[in-house]
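In what follows, a single structure is set out as structure tokens and then discussed.
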Amino acid sequence: MVEFALVLPVLMLILMSIIQLGFLFSAHIGVINGVREGARYGSLSPTTAANAAANGTSVETYMRDSVLPRNVPGYSAANVTAVSVSYCSYANPGGSSYSVRLLVQATYAHPLFIPLVGAILDGFDGAWDSRLAIASSEQFRVENLPLNPGEVSGLSVCP
């Protein structure tokens with residue numbers, strides 16, 4: 001009985017850690033899949049410098065309202081700390097035409113709901129807020145016809 005009393009707290013900590021990490025990994029996979037789905041959605045809209053802002057806003061809205069709620073278990077809109085969509089251009093081989101690349105990034109602050117395990121994990125992301133930041137990014141080539149230099153003049157150049 002004494003040995004059980006000594007081992008039980010350690011076993012419960014391990015069990016609760018496995019449960020908390022399971023929820024975190026599930027949310028991380030959901031954020032990765034959601035960002036990939038949002039980037040694929042955005043890559044299907046032909047984009048030039050003239051409509052990049054409107055297309056970016058459309059992708060952000062789609063991410064916040066549709067994709068992340070479907071993919072992240074226990075999703076809460078208040079925990080989405082950042083969604084950013086940016087476009088850049090690059091020269092095609094030969095240099096006479098250009099293509100556009102889309103970069104989608106999202107950060108979700110998943111709550112740490114098991115107190116002792118949460119106290120151990122909290123702070124790994126640099127903030128002591130009882131949440132762990134989960135981030136993902138994805139790049140896709142936008143499905144455009146080759147563009148002339150004037151159509152991409154307002155976009156940044158891809159690194």
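Values below: every heavy atom of this structure, side chains too, minus hydrogens, waters and symmetry copies. Computed from a predicted structure; not experimentally measured.
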Report yes or no: do [X] and [Y] belong to one cluster of Ile/Leu/Val/Met/Phe/Trp/Tyr joined by side chain heavy-atom distances under 4.5 Å?
{"X": "Phe124", "Y": "Phe23", "result": "yes"}
{"X": "Val67", "Y": "Ile32", "result": "no"}
{"X": "Leu21", "Y": "Ile14", "result": "no"}
{"X": "Val80", "Y": "Val59", "result": "yes"}
{"X": "Leu11", "Y": "Phe4", "result": "no"}

Is the shortest side-chain heavy-atom distance between [X] and [Y] below 4.5 Å?
{"X": "Asp129", "Y": "Asp122", "result": "yes"}
{"X": "Pro149", "Y": "Tyr98", "result": "yes"}
{"X": "Tyr41", "Y": "Ser58", "result": "yes"}
{"X": "Leu24", "Y": "Gln20", "result": "yes"}
{"X": "Asn51", "Y": "Thr48", "result": "yes"}
{"X": "Thr81", "Y": "Tyr108", "result": "no"}

Answer yes or no: does atom [atom1] of [X] have more than 12 heavy-atom neighbours from other residues, nucleotides or ligands under 6.0 Å?
{"X": "Leu145", "atom1": "CG", "value": "no"}
{"X": "Phe113", "atom1": "CZ", "value": "yes"}
{"X": "Tyr62", "atom1": "OH", "value": "yes"}

What residue among [options] forms side chain to side chain contact (heavy atoms under 4.5 Å, CB included) with [X]?
{"X": "Asn144", "options": "Pro46, Ser97, Ser89, Ser43", "answer": "Pro46"}
{"X": "Leu13", "options": "Ile18, Leu116, Ile114, Leu8", "answer": "Leu116"}
{"X": "Ser136", "options": "Val31, Thr107, Asn33, Val104", "answer": "Val31"}

- request: Just do the side-chain contact (heavy atoms from CB on, under 4.5 Å) check on Val35 and Met63 with the steps written out, would you?
  value: CA-CA 7 Å; Val35 167; Met63 290 281 299; 3.8 Å; yes
[X] to [Y] - nearest heavy-atom pair and separation:
{"X": "Ser99", "Y": "Arg141", "answer": "OG-NH2, 3.6 Å"}
{"X": "Gly150", "Y": "Ser153", "answer": "O-OG, 3.3 Å"}
{"X": "Tyr87", "Y": "Ala52", "answer": "CE1-O, 3.4 Å"}
{"X": "Ser137", "Y": "Leu103", "answer": "CB-CD1, 4.3 Å"}
{"X": "Gly34", "Y": "Asn71", "answer": "CA-ND2, 3.7 Å"}
{"X": "Ala27", "Y": "His110", "answer": "CB-CD2, 3.2 Å"}

- request: Indicate yes or no for a side-chain donor-acceptor contact from Ser26 to the backbone of Gly22 under 3.5 Å, with no hydrogens or angles considered.
  value: no
- prompt: side-chain contact (heavy atoms from CB on, under 4.5 Å) between Arg131 and Leu112: does it pass, once the steps are laid out?
  reply: CA-CA 5 Å; Arg131 301 183 307 175; Leu112 300 169; 5.6 Å; no
query: Has Arg101 got its NZ or CZ under 6.0 Å from the middle of the six-membered ring of Tyr90, at an angle within 45 degrees of the ring axis?
result: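 Yes, a cation-pi geometry holds between Arg101 and Tyr90.
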- request: Kindly compute the distance separating OG (Ser17) from CG (Leu121), expressed to the nearest 0.5 Å.
  value: 7.0 Å
- request: Check whether the side chains of Asn55 and Ser45 place a donor and an acceptor atom closer than 3.5 Å, and report yes or no.
  value: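 Side-chain D/A pair, Asn55 to Ser45: absent.
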field: Ser84 and Gln105 side chains, donor-acceptor separation under 3.5 Å
entry: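 Per modelled atom types, Gln105 and Ser84 side chains form a pair under 3.5 Å.
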- request: Assess whether side-chain contact (heavy atoms from CB on, under 4.5 Å) is satisfied between Leu102 and Val85, documenting all intermediate values.
  value: CA-CA 7 Å; Leu102 163 69; Val85 178; 3.3 Å; yes
